[in-house]
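Step one of this worksheet: look at the structure below.
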Amino acid sequence: MIQNVNITERSLMAHILDEFISQPESGPVFYKRILPDSCVSFSSREGKTIFEEALLSGHMECYFKLASQFRTQDEPAFCGLSTLVMVLNALEIDPGKVWKRPWRWYHESMLNCCVPIAVMEKEGITMDQFIAMAENNYLETRLTYVDETASLKAFRAVIHNYTKQEESVITLSYSRSVLSQTGDGHFSPVGGYHPSRDLVLILDTARFKYPPYWVPVSLLFKAMQAKDKLTGKPRGYVILTKQSNC
């Protein structure tokens, strides 16, 4: 009889535990988001056609090293950190410190030189902090804020030139809302360019939310003009290159 009671109690506790685990956290939960009409999914039929044409045009040279290191950010606010980690590993920079013994390798948890990781998990990083972390980890930076002096023509020229090589990477800070996506400020690297269609490939680090996508250069430029609510500055783009003495 005592044994039966114990079995019943264990069954009841298991049932309560299952019920507790199955209860959703407070607030809505999501499985991905649907890309707006302003963006073309990389894996769609049209996206594949665009990729093939862009590859033949010679403007996908920047893609392959980045694709080899493409990762999903570990935290919802880690877009800047994950973008930087992708670039550091794609450009084959040795961090000089151990990630998981015996391997030296970049991971978001190692980029805590400017802001504590706990703070970045909640708030993300600004463009200035992104630059500081990049330079502290053996990268040369060339920053352009997309303010009233910035030129769409100059941005298009940068996209045109730097997608034909693999020694440097273009990274972007832009407003998702301008692209008709949910959310606001976001970082991601450029993965390629289709010159005749004037479409740029964004390797979105929040892959749990949106897949990689093609978007018009002119619309992306507008998305970088939107100001960062935290700093009051416009967003922009950064060309990252491995330091010559590294």
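By the 30° and 60° cut-offs, the orientation of the rings of His160 relative to Tyr193 is perpendicular. Classification of the Phe51-Tyr63 ring pair by plane angle, with boundaries at 30° and 60°, yields perpendicular.
Outside the 6.0 Å centre-distance limit, the rings of His59 and His194 are not counted as a close aromatic pair.
With hydrogens and angles disregarded, a donor-acceptor distance shorter than 3.5 Å links the side chain of Arg207 to the backbone of Phe70. Distance alone, capped at 3.5 Å, is enough to place a donor-acceptor pair between the Ser188 side chain and the Thr205 backbone. Of the possible donor and acceptor atoms, one in the side chain of Gln165 sits under 3.5 Å from a partner among the backbone N and O of Glu167. Judged by distance alone, with hydrogens and angles left aside, the side-chain atoms of Ser151 form a donor-acceptor pair with the main-chain N or O of Lys153 at under 3.5 Å. No donor-acceptor distance shorter than 3.5 angstrom exists from the side chain of Thr163 to the backbone of Cys62, with no hydrogens or angles considered.
Taking CD of Gln243 as the start and CD of Glu135 as the end, the distance is 7.5 Å to the nearest 0.5 Å. How far OG of Ser168 is from CZ of Arg142: 9.5 Å, rounded to the nearest 0.5 Å. Rounded to the nearest 0.5 angstrom, Leu230 CG and Gln129 CD are separated by 8.0 Å. Distance check, rounded to the nearest 0.5 Å: CD1 of Ile202 to CZ of Phe42 gives 12.5 Å. To the nearest 0.5 Å, the span separating NE2 on His107 from CG on Leu88 amounts to 13.0 Å. In this structure, Lys48 NZ and Ile50 CD1 are separated by 12.5 Å, a value rounded to the nearest 0.5 Å.
When all heavy atoms are compared, the tightest approach of Phe78 to Ile117 is CZ-CG2, 4.1 Å. Looking at every heavy atom in both residues, Pro211 comes nearest to Leu35 through CG-CD1, 3.6 Å. The two residues Leu220 and Val200 have their closest heavy-atom pair at CD2-CG1, 3.4 Å. When all heavy atoms are compared, the tightest approach of Pro36 to Leu179 is CG-O, 3.2 Å. When all heavy atoms of Met133 and Met120 are compared, the pair lying nearest together is CE-SD, 3.3 Å. Here the shortest heavy-atom pairing between Val87 and Val169 reads CG2-CG1, 3.8 Å.
Within a 6.0 Å sphere centred on CD1 of Ile34, other residues, nucleotides and ligands contribute 12 heavy atoms or fewer.
Contacts classified as side-chain hydrogen bond (donor to acceptor under 3.5 Å, both in side chains) and involving residues 213-236 (residues at least two apart or in different chains) are given here: Asp128-Lys233, Tyr174-Tyr213, Gln181-Tyr213. Applying the side-chain hydrogen bond (donor to acceptor under 3.5 Å, both in side chains) definition to pairs two or more places apart or across chains, those involving residues 82-98 are Ser82-Glu108, Asp94-Arg104.
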**Study point:** CA sep, side-chain torsions, deciding dist, call: Phe187, Thr171, side-chain contact (heavy atoms from CB on, under 4.5 Å)
**Key:** CA-CA 7 Å; Phe187 284 88; Thr171 57; 5.8 Å; no
Review point. Checking side-chain contact (heavy atoms from CB on, under 4.5 Å) for the pair Asn136/Leu111: CA distance, chi angles, key distance, verdict?
Key: CA-CA 9 Å; Asn136 194 61; Leu111 301 179; over 6 Å; no
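Looking at heavy atoms from C-beta onward, Phe221 lies in side-chain contact with Val146 at the 4.5 angstrom threshold. Annotation: side chain of Leu84 is not in contact with side chain of Ile125 (no heavy-atom distance under 4.5 Å). At least one side-chain heavy atom of Ile93 sits under 4.5 Å from a side-chain heavy atom of Tyr106. Proximity of Val238 to Met127: side-chain heavy atoms (C-beta onward) are separated by under 4.5 Å at one or more points. Within the 4.5 Å cutoff, no side-chain heavy atoms of Thr144 are placed close to those of Met224. Residues Leu81 and Gln73 are not in side-chain contact: their nearest non-hydrogen atoms beyond the backbone lie 4.5 Å or more apart. Leu240 places a side-chain heavy atom less than 4.5 Å from the side chain of Phe130.
Checked for salt-bridge contact, Asp204 and Lys209 miss the test: no charged N lies under 4.0 Å from a carboxylate O.
Note that Arg176 lies outside the cation-pi zone of Tyr210, set by a 6.0 Å cut-off to the ring centre and a 45° limit from the axis.
Put simply, Leu91 and Leu143 are part of the same group of oily side chains (I, L, V, M, F, W, Y) that touch within less than 4.5 Å, one to the next. No chain of hydrophobic side-chain contacts below 4.5 Å, direct or via other Ile, Leu, Val, Met, Phe, Trp or Tyr residues, connects Leu172 to Leu203. The hydrophobic clustering, which links ILVMFWY residues whose side-chain heavy atoms are closer than 4.5 Å, places Ile239 and Leu152 together. Residues Val215 and Val158 are members of one and the same hydrophobic cluster, defined by side-chain heavy-atom contacts under 4.5 angstrom among Ile, Leu, Val, Met, Phe, Trp and Tyr. Under a hydrophobic clustering in which Ile, Leu, Val, Met, Phe, Trp and Tyr are joined whenever their side-chain heavy atoms come within less than 4.5 Å, directly or via other members, Leu199 and Tyr162 fall into different clusters.
In terms of the side-chain contact (heavy atoms from CB on, under 4.5 Å) criterion, residue partners of Glu123 (sequence neighbours excluded) are, by chain and number, Val119.
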